[in-house]
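Read through the structure below, which is laid out as structure tokens, and then see the notes.
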There are 2 protein chains.
Amino acid sequence: MAKEEFLKPYRLAEILRPEIAESDPHEPIPTERQLAERFGVSRVSVRQALALLNEDGAIYTVHGSGSFVAPPRVTKQMKLLSFSQEMEVRGLKPKAKVLNVHLIESSTNRSDDWAGITEPTYRIERLRYGNDDPMSWEVSYIASEIAPDLLKQDLTGSLYTLLKNNYGQEIVSADEQLTPVLIDSATSTKMKLTPGKPGFEIHRHGFNVRGQQVELSRTIRRGDRWDFKYTVRA
Amino acid sequence: MAKEEFLKPYRLAEILRPEIAESDPHEPIPTERQLAERFGVSRVSVRQALALLNEDGAIYTVHGSGSFVAPPRVTKQMKLLSFSQEMEVRGLKPKAKVLNVHLIESSTNRSDDWAGITEPTYRIERLRYGNDDPMSWEVSYIASEIAPDLLKQDLTGSLYTLLKNNYGQEIVSADEQLTPVLIDSATSTKMKLTPGKPGFEIHRHGFNVRGQQVELSRTIRRGDRWDFKYTVRA
DNA sequence: AAGTGGTCTAGACCACGAA
DNA sequence: TCGTGGTCTAGACCACTTG
């Protein structure tokens, strides 16, 4: 079931990566035609492999001249990660404490808090920990038609994993909006912080492969424990 | 000099876009083989066109089944934009007021503020406006070997455009780091804000095609006028 | 079983850079 | 001019979904 697209290019990239790492920055790597012959694959596959290496900044390519070892860079590409995955990347143990869960029945004057989510919907309020430190406070909305019996599930782990494994709803893309805020006193208390500290407020809309909105969430993250790093291209 | 890669796929995508816009969400679009025949191009080109449409959320594809019209989404992909470009996207007129420019000669105990930039380097402190409102305060460092005579240039416009047109240094990728902060009183004064408001602090490293660091900057942006929206994928 | 998208190939021609 | 990467083709076979 491995979902490895572009098998040859991917494997080829992994073979080339250590070779590249040993060369000095701006040294040329073999030409595409040479690599194609050496590995017995088509030039198209070589080019896809080089494209992968280019994406994470291992090489750069100059039309008419060649491909070269890129000088070292640190920042990673931005990928969709659940909170749990993010913590694991940082080497911290993720945990969640459920503060409140309930089902919101059809409401006449519905709040915009869960606009786009079909009612009735579950509202899940949780505190998120990394190595027992409170890292963020979050409220998630998930339509009950998507995940019936959600209340019976264990909600102390990754919601994304739960949705995927128990309901076949994999979230493959998300729209997010970051706003810098002063963390209000109520949230500060819940997160055991001194009030008035800066943080991020994040609104997230999660979508499945079919572009249907599956999850909606609002998150407050403490600024002293969260940076937001990314690489952006022209 | 148009730098349009994938000419056929790109043009094909633009032709298909309006057709797709007229169909209902989740309606199937023609198969790849049908499109290839209809437009007299190879299936590979069709697939690249569909990939482009997929990237900006116009369609989604299901292996073994087909491609379908995606339900509407709002958020744009994140692209590298200069401040000036960002303002234009928002329909605001960009402007810069130069607060301070000078050349930093080789220093013995150099500050980490411009780590990675070759000395001597220019330090450019500017206030950035959108429609005459101060939007952000920024300090940029640019090595003098890259842009000699920078002091003689007009610095009230886009630095990126200036670097590209006058010095042949196009910045094609950047690493950024966002931190939520309370805007300090000195910066608040410069931006004519009441102190203690939340904002973003952004560190940016700009690179040319060869992966060489061309620009380094630190920016403070007011939180009440800046959101950070993006789409992220698995 | 038939039809769809997913991967890969071999080969052609174009556009650019360096000598 | 020659060698490089950039684009495109026609056709093959695989993997998946649906009837």
Side-chain angles (χ1 to χ4, degrees), chain A residues 1-16 20 23 26-55 58-70 168 170 172 208-211 233-234, chain B residues 1-16 20 26-55 58-70 168-170 172 208-211 233-234:
Chain A
M1 72 134 283
K3 195 218 168 184
E4 300 187 23
E5 349 178 45
F6 306 119
L7 292 100
K8 285 198 183 177
Y10 180 80
R11 284 200 284 255
L12 187 48
E14 293 316 310
I15 293 170
L16 291 175
I20 288 164
S23 306
H26 309 295
E27 281 292 301
I29 68 172
T31 70
E32 295 177 353
R33 286 167 178 88
Q34 285 170 351
L35 289 171
E37 189 181 8
R38 173 172 150 201
F39 292 101
V41 300
S42 75
R43 208 182 129 213
V44 179
S45 297
V46 170
R47 282 178 61 73
Q48 296 222 34
L50 296 188
L52 291 172
L53 293 171
N54 197 313
E55 262 176 39
I59 64 169
Y60 64 87
T61 284
V62 181
H63 186 180
S65 179
S67 289
F68 306 86
V69 177
E170 185 175 7
V172 298
N208 64 16
V209 264
R210 293 177 155 72
R233 292 166 196 281
Chain B
M1 74 135 284
K3 194 216 168 186
E4 299 187 28
E5 350 180 43
F6 307 119
L7 291 100
K8 285 199 183 177
Y10 180 79
R11 283 200 284 254
L12 187 47
E14 293 315 310
I15 292 170
L16 291 174
I20 288 164
H26 308 294
E27 281 293 301
I29 68 171
T31 70
E32 297 178 351
R33 287 166 177 87
Q34 286 171 350
L35 290 171
E37 189 181 9
R38 173 172 150 199
F39 292 101
V41 300
S42 75
R43 210 182 127 212
V44 180
S45 296
V46 170
R47 282 178 60 73
Q48 296 222 34
L50 297 188
L52 290 172
L53 293 171
N54 198 316
E55 262 175 41
I59 64 170
Y60 64 88
T61 284
V62 181
H63 187 179
S65 180
S67 289
F68 306 86
V69 178
Q169 290 283 357
E170 187 175 6
V172 298
N208 64 17
V209 264
R210 293 177 155 74
R233 294 166 195 281

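No experiment lies behind these values; they were computed from the predicted model shown. Residue numbers begin at 1 in each chain, while the letters A, B, ... track the order of the sequences.
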Could you state the interatomic distance from OG (S45(A)) to CD (E32(A)), rounded to the nearest 0.5 Å?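 Going from the OG atom of S45(A) to the CD atom of E32(A) covers 11.5 Å.
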
Which value, rounded to the nearest 0.5 Å, describes the distance between L12(A) atom CG and R47(A) atom CZ?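 Those atoms lie 13.5 Å apart.
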
DNA chain C-proximal residues of residues 28-44 of chain B, any heavy atom under 4.0 Å: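 T31(B), E32(B), R33(B), R43(B), in order of number.
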
Would you please test H26(B) and Y60(B) for side-chain contact (heavy atoms from CB on, under 4.5 Å) and show each step? CA-CA 9 Å; H26(B) 308 294; Y60(B) 64 88; 2.9 Å; yes

Can you check whether R210(A) reaches V62(B) side chain to side chain, under 4.5 Å on heavy atoms?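 R210(A) reaches V62(B) side chain to side chain.
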
How about R38(A) and L35(A): do any of their side-chain heavy atoms sit closer than 4.5 Å?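 SC-SC contact between R38(A) and L35(A) confirmed.
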
Work out which heavy atom in T61(A) is nearest to a heavy atom in S67(A); give both atom names and the distance. OG1-OG, 2.6 Å

Indicate the atoms forming the closest heavy-atom contact of A49(B) with P9(B), along with that distance. CB-O, 3.4 Å

N/O (side chain, R47(A)) to phosphate O (OP1/OP2, dG6(D)) under 4.0 Å: yes

Can you tell me the distance, in whole Å, between the [atom1] atom of [X] and the [atom2] atom of [N]?
{"X": "N54(A)", "N": "dG5(D)", "atom1": "CG", "atom2": "P", "result": "13 Å"}
{"X": "L53(A)", "N": "dG5(D)", "atom1": "CG", "atom2": "C1'", "result": "15 Å"}
{"X": "L12(B)", "N": "dT7(D)", "atom1": "CG", "atom2": "P", "result": "16 Å"}
{"X": "K8(A)", "N": "dA12(D)", "atom1": "NZ", "atom2": "P", "result": "17 Å"}

Counting only side-chain heavy atoms from C-beta out, which of dC8(C), dC8(D), dG6(D) sits nearest to S45(A)? dC8(C)

Identify the residue among L53(A), L16(A), I59(A) that makes a side chain to side chain contact (heavy atoms under 4.5 Å, CB included) with I29(A).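 In the set L53(A), L16(A), I59(A), the residue that makes a side chain to side chain contact (heavy atoms under 4.5 Å, CB included) with I29(A) is I59(A).
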
Restricting to nitrogen or oxygen on both sides, can you table the protein-nucleotides 17-19 of chain C pairs closer than 3.5 Å?
none

